[in-house]
K.L.:
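First the structure, then my questions, so here it is.
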Amino acid sequence: AIYPYYSAAIVGHYAGFDIDDSIISANTTTGITAYAAGGIALVRSYLDMDNSSVINNSVTVPTPADSKDSGGGIMVCSFNIDGDNSSITNSTIAYNTTNCAGGGLFIGTGHDFYLTNVTIANNTAHQGGGMYLENSDPTFTHVTIAYNTAYSGGGMWSGDVFSTFTHVTIWGNMANYGGGMFIHHS
């Protein structure tokens, strides 16, 4: 997709998505200034995803320093609609890329996000190879974050976030700053 704002294989704006038993793969988005993903981009929306894979997607923004609201695989940003929380369960987010933030997953402002039995692996980004978290309150249960790469926050970049981790494995990630996790103002 080539569009200046809100772009991905699946785009939601003030919407809710239930994605079950699905594969979102091999999608590319370029030329975006904000709110972009290779696979799923949701703004002021919620996502409930179960038993699915988001793999081998990419997004490239023209000026990465000016925009960080992008995710190679999934981008969820801004406040939830109707107070709904987002969740990903029994799923894989892998081999996604962005030249910006959130190789596998970008979770931004205002989302209570629940990840359960999720593998986030082999993703690449400038910040947050596996995931980029900002101004949100995610809960991780039985999550593996492995073999992701970034300049900062190989496994995860986290800023102004209150996260809960239960049975989480952060393993084999690489970055110049914060191989496993880079924490900023949290």
K.L.:
Can a side-chain donor-acceptor contact be found between Ser87 and Asp48 if the only test is distance below 3.5 angstrom?
P.N.:
yes
K.L.:
Linking I/L/V/M/F/W/Y whenever any side-chain heavy atoms sit under 4.5 Å apart, do Val118 and Trp171 land together?
P.N.:
no
K.L.:
Taking the side chain as every heavy atom from C-beta outward, state whether Ser158 and Phe182 have any atom pair closer than 4.5 Å.
P.N.:
no
K.L.:
How many angstroms lie between CD1 in Ile19 and CD1 in Ile24, if you round to the nearest 0.5 Å?
P.N.:
4.0 Å
K.L.:
Please name the pair of heavy atoms, one in Gly108 and one in Ser136, separated by the smallest distance, quoted to 0.1 Å.
P.N.:
O-CB, 4.3 Å
K.L.:
Any sub-3.5 Å donor-acceptor pair from Ser25's side-chain atoms to Ile23's backbone N or O?
P.N.:
no
K.L.:
Can you find a pair of side-chain heavy atoms, one from Thr30 and one from Val59, that are under 4.5 Å apart?
P.N.:
no
K.L.:
Indicate yes or no: at least one non-hydrogen side-chain atom of Asn85 is less than 4.5 angstrom from one of Tyr46.
P.N.:
no
K.L.:
A quick test of your reading: do over 12 heavy atoms of other residues, nucleotides or ligands sit less than 6.0 Å from OH of Tyr95?
P.N.:
no
K.L.:
For the residue pair Asn51 / Asn90, report whether a side-chain donor-acceptor contact shorter than 3.5 Å exists.
P.N.:
no
K.L.:
Determine whether a donor-acceptor pair (N or O, by modelled atom type, separation under 3.5 Å) exists between the side chain of Asn148 and the backbone of Asn122.
P.N.:
yes
K.L.:
Quick check: closest heavy atoms across Cys100 and Ala125, and the distance to 0.1 Å?
P.N.:
O-CB, 3.6 Å
K.L.:
Between Ile120 and Ile55, is there shared hydrophobic-cluster membership here, with clusters defined by ILVMFWY side-chain heavy atoms closer than 4.5 Å?
P.N.:
no
K.L.:
How close do Gly39 and Ala8 get, counting heavy atoms only, and between which atoms?
P.N.:
O-CB, 3.7 Å
K.L.:
Set out, in order, the CA-CA distance, both residues' side-chain angles and the distance that settles side-chain hydrogen bond (donor to acceptor under 3.5 Å, both in side chains) for Thr89 and Asp50, then state yes or no.
P.N.:
CA-CA 5 Å; Thr89 57; Asp50 185 40; 2.6 Å; yes
K.L.:
What's the shortest heavy-atom distance between Gly12 and Ser45, and which atoms?
P.N.:
O-OG, 3.3 Å
K.L.:
Okay, side chain of Thr98, backbone of Gly72: is any donor-acceptor separation there less than 3.5 Å?
P.N.:
no
K.L.:
With the side chain counted from C-beta on, respond yes when Ile145 and Met156 share a heavy-atom pair under 4.5 Å apart, and no when they do not.
P.N.:
yes
K.L.:
Which value, rounded to the nearest 0.5 Å, describes the distance between Ser58 atom OG and Asn27 atom CG?
P.N.:
8.5 Å
K.L.:
Please confirm whether the backbone N or O of Asn96 pairs with a side-chain atom of Asn123, one donor and one acceptor, at under 3.5 Å?
P.N.:
yes
K.L.:
If you look at every heavy atom in Asn99 and His126, which pair is closest and at what distance?
P.N.:
O-CB, 3.5 Å
K.L.:
Should Val43 and His13 count as side-chain neighbours, where that means a heavy-atom distance under 4.5 Å?
P.N.:
yes
K.L.:
Using 0.5 Å steps for rounding, measure from the CG atom of Asn117 to the NE2 atom of His167.
P.N.:
11.0 Å
K.L.:
Could you state the interatomic distance from CE (Met131) to OG (Ser163), rounded to the nearest 0.5 Å?
P.N.:
9.0 Å
K.L.:
With a 4.5 Å limit on heavy-atom distance, are the side chains of Tyr114 and Phe140 in contact?
P.N.:
no
K.L.:
Where does the angle between the aromatic ring planes of Tyr177 and Tyr151 fall among parallel (under 30°), tilted (30 to 60°) and perpendicular (over 60°)?
P.N.:
perpendicular
K.L.:
Check whether any side-chain N or O of Thr29 sits under 3.5 Å from a backbone N or O of Ala37 as a donor-acceptor pair, and report yes or no.
P.N.:
yes
K.L.:
For side chain to side chain contact (heavy atoms under 4.5 Å, CB included), just list the numbers for Ile74 and Ile88, CA-CA rounded to whole Å, side-chain angles, deciding distance to a tenth of an Å, and then say yes or no.
P.N.:
CA-CA 11 Å; Ile74 301 170; Ile88 299 174; 4.0 Å; yes
K.L.:
I need the Phe106 CZ to Leu133 CG distance, nearest 0.5 Å.
P.N.:
9.0 Å
K.L.:
With a 4.5 Å cut-off on side-chain heavy-atom distances among I, L, V, M, F, W and Y, is there a chain of contacts connecting Val54 to Tyr147?
P.N.:
no
K.L.:
Taking the side chain as every heavy atom from C-beta outward, state whether Tyr132 and Leu105 have any pair of such atoms under 4.5 Å apart.
P.N.:
no
K.L.:
Calculate, to the nearest 0.5 Å, the distance between atoms CG and OG1 belonging to Asp137 and Thr164 respectively.
P.N.:
8.0 Å
K.L.:
So which heavy atom on Gly153 is nearest to which on Ala175, and how close?
P.N.:
N-CB, 3.8 Å
K.L.:
For a 4.5 angstrom cut-off between non-hydrogen side-chain atoms, does Phe17 reach Ile10?
P.N.:
yes
